[in-house]
Protein chains: 2
Amino acid sequence: MTKRLPNALQFSHQLLKAAVSPNDSVIDGTIGNGHDTLFLAKLVGKSGQVYGFDIQKQALQNTTDRLLRHKIDLKNIHLYQRSHANINQVLPESQQITAAIFNLGYLPGGDKAIVTKSKATTAALTACLDHLAVNGLVIVVVYYGHPGGQTEKEAVLHFCQTLPQEKYGVLKYQFINQMHEPPFLLAIQKIK
Amino acid sequence: MTKRLPNALQFSHQLLKAAVSPNDSVIDGTIGNGHDTLFLAKLVGKSGQVYGFDIQKQALQNTTDRLLRHKIDLKNIHLYQRSHANINQVLPESQQITAAIFNLGYLPGGDKAIVTKSKATTAALTACLDHLAVNGLVIVVVYYGHPGGQTEKEAVLHFCQTLPQEKYGVLKYQFINQMHEPPFLLAIQKIK
């Protein structure tokens with residue numbers, strides 16, 4: 001007997017687990033409270049690199065605290081209090097990544113008025129694709145129930161739907177009979 | 001490094017593998033050339049039951065041939081040359097199933113004018129849900145590039161989107177940047 005089908009967030013972790021190996025370099029585009037940063041840090045291990053971004057000081061603090069509580073060596077975890085739109089100003093040009101994860105919306109437990117925005121998000125996705133290895137994944141968990149969420153959702157969907165199919169496959173994973181608007185997942189895979 | 005993300009057909013097999021155990025009873029709503037019937041027969045093993053439906057004699061012949069080639073004991077494989085709309089006339093009322101699979105469209109290699117139709121398909125899905133165990137899955141791989149395919153797609157999507165979320169979760173798994181219309185997957189899970 002099967003268990004419950006994974007929700008978008010759980011499925012993002014299944015995909016990351018399959019995509020990321022020890023020693024890899026990866027990006028957490030929205031570190032928030034650090035759950036995914038920790039998850040990625042464990043996947044890449046002691047000689048992998050995690051680049052994390054968030055515009056809120058509180059997010060960096062919460063993430064650092066979480067990593068320390070889980071005894072993660074911070075040496076290879078690079079956290080930046082900058083918009084993920086600046087990924088290319090931080091990442092060495094030749095740095096290849098095998099995965100990136102974005103959780104769009106606001107910082108859980110934080111100021112709900114501070115949200116990710118369409119322009120910065122699509123700039124960040126473009127930057128991630130520049131660095132993405134073949135078969136690598138850029139995963140976006142799209143929360144869109146908050147003010148401005150619909151606009152960002154449309155922008156991200158448009159960005160994804162117009163990626164050339166010779167170079168990328170874009171999977172949409174969504175539960176479609178829910179009254180409220182649970183997050184859905186987009187996974188962009190570089191295929192050549 | 002991850003491999004290529006599974007397409008809808010490959011993902012349907014991943015889900016069936018997770019959902020079906022030896023001794024289970026399952027339904028192949030569109031046996032076609034018997035690929036899924038064989039896959040299900042292996043999953044349920046010698047004491048499980050597979051109920052298969054197709055309106056075309058050729059499909060039953062091709063499926064039986066395939067099962068025999070793979071040395072499957074036909075004792076517990078029940079193939080019916082009837083529309084899947086008649087599932088409830090064949091299945092014992094108390095018979096619980098853990099999974100059902102439908103590949104909509106025409107018989108590959110057969111007459112492309114003979115296709116699954118909205119009304120029969122939604123009747124068949126309803127029947128499957130009547131028999132479905134908790135956590136069980138009804139999986140539909142929706143091919144819709146053929147004449148009539150769009151209409152059936154809309155009907156099946158409407159059916160799925162209006163299932164009550166207290167009783168069912170409906171996942172849609174689709175690649176969204178493809179020029180041609182590759183099949184997508186719907187998975188209905190009974191949650192209580």
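Each chain gets a letter, A, B and so on, in the order its sequence line appears, and its residues count up from 1. Atom set for the values below is all heavy atoms of this structure, side chains included, hydrogens, waters and symmetry mates excluded.
- Here the closest heavy-atom approach between residue B:Gln189 and residue A:Lys3 is recorded as NE2-O, 2.9 Å.
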Exercise. List the steps and the verdict of side-chain contact (heavy atoms from CB on, under 4.5 Å) for A:Leu5 and B:Leu137.
Key: CA-CA 9 Å; A:Leu5 289 171; B:Leu137 293 177; 3.9 Å; yes
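- A donor-acceptor pair is defined here as one N or O able to donate and one able to accept, closer than 3.5 Å; such a pair exists between the side chain of A:Gln165 and the backbone of B:Met179.
- Not one N or O on the side chain of B:Asn177 forms a donor-acceptor pair closer than 3.5 Å with the backbone of A:Thr162.
- Taking CD of A:Gln174 as the reference point, atom CG of B:Leu171 lies at 9.0 Å (rounded to 0.5 Å).
- Residues A:Val138 and A:Leu16 do not share a hydrophobic cluster, clusters being chains of Ile/Leu/Val/Met/Phe/Trp/Tyr side chains in contact below 4.5 Å.
- Most heavy-atom pairs under 4.5 Å with chain B: of the set A:Cys160, A:Gly169, A:Pro164, A:Ala187, this distinction falls to A:Gly169.
- The environment of A:Phe159 atom CZ is dense: over 12 non-hydrogen atoms of other residues, nucleotides or ligands sit within 6.0 angstrom.
- Of the atoms belonging to A:Tyr168, heavy atoms from both backbone and side chain fall under 4.5 Å from chain B.
- Both B:Val140 and B:Leu132 are assigned to one and the same hydrophobic cluster, defined by single-linkage of ILVMFWY side chains at heavy-atom distances under 4.5 Å.
- Within the model, atoms CZ of B:Phe175 and NZ of A:Lys172 stand 13.5 Å from one another, a figure rounded to the nearest 0.5 Å.
- No more than 12 heavy atoms of other residues, nucleotides or ligands sit less than 6.0 Å from atom CD of B:Glu93.
- Grouped with A:Ile114 in one hydrophobic cluster are A:Ile55, the linkage being side-chain heavy-atom contacts under 4.5 Å among Ile, Leu, Val, Met, Phe, Trp and Tyr residues.
- When the shell of 6.0 Å around OH of B:Tyr144 is examined, it contains more than 12 heavy atoms from other residues, nucleotides or ligands.
- At a 4.5 Å heavy-atom cutoff, B:Ala99 makes no contact with chain A through either its backbone or its side chain.
- Taking hydrophobic clusters as Ile, Leu, Val, Met, Phe, Trp and Tyr residues chained together by side-chain heavy-atom distances below 4.5 Å, A:Tyr80 does not share a cluster with A:Ile72.
- The shortest heavy-atom contact between B:Ile176 and A:Gln161 is O-CG, 3.5 Å.
- For B:Leu186, the part lying under 4.5 angstrom from a heavy atom of chain A is the side chain only.
- A:Leu107 and A:Val142 fall into different hydrophobic clusters, where Ile, Leu, Val, Met, Phe, Trp and Tyr are joined by side-chain heavy atoms under 4.5 Å apart, directly or via other members.
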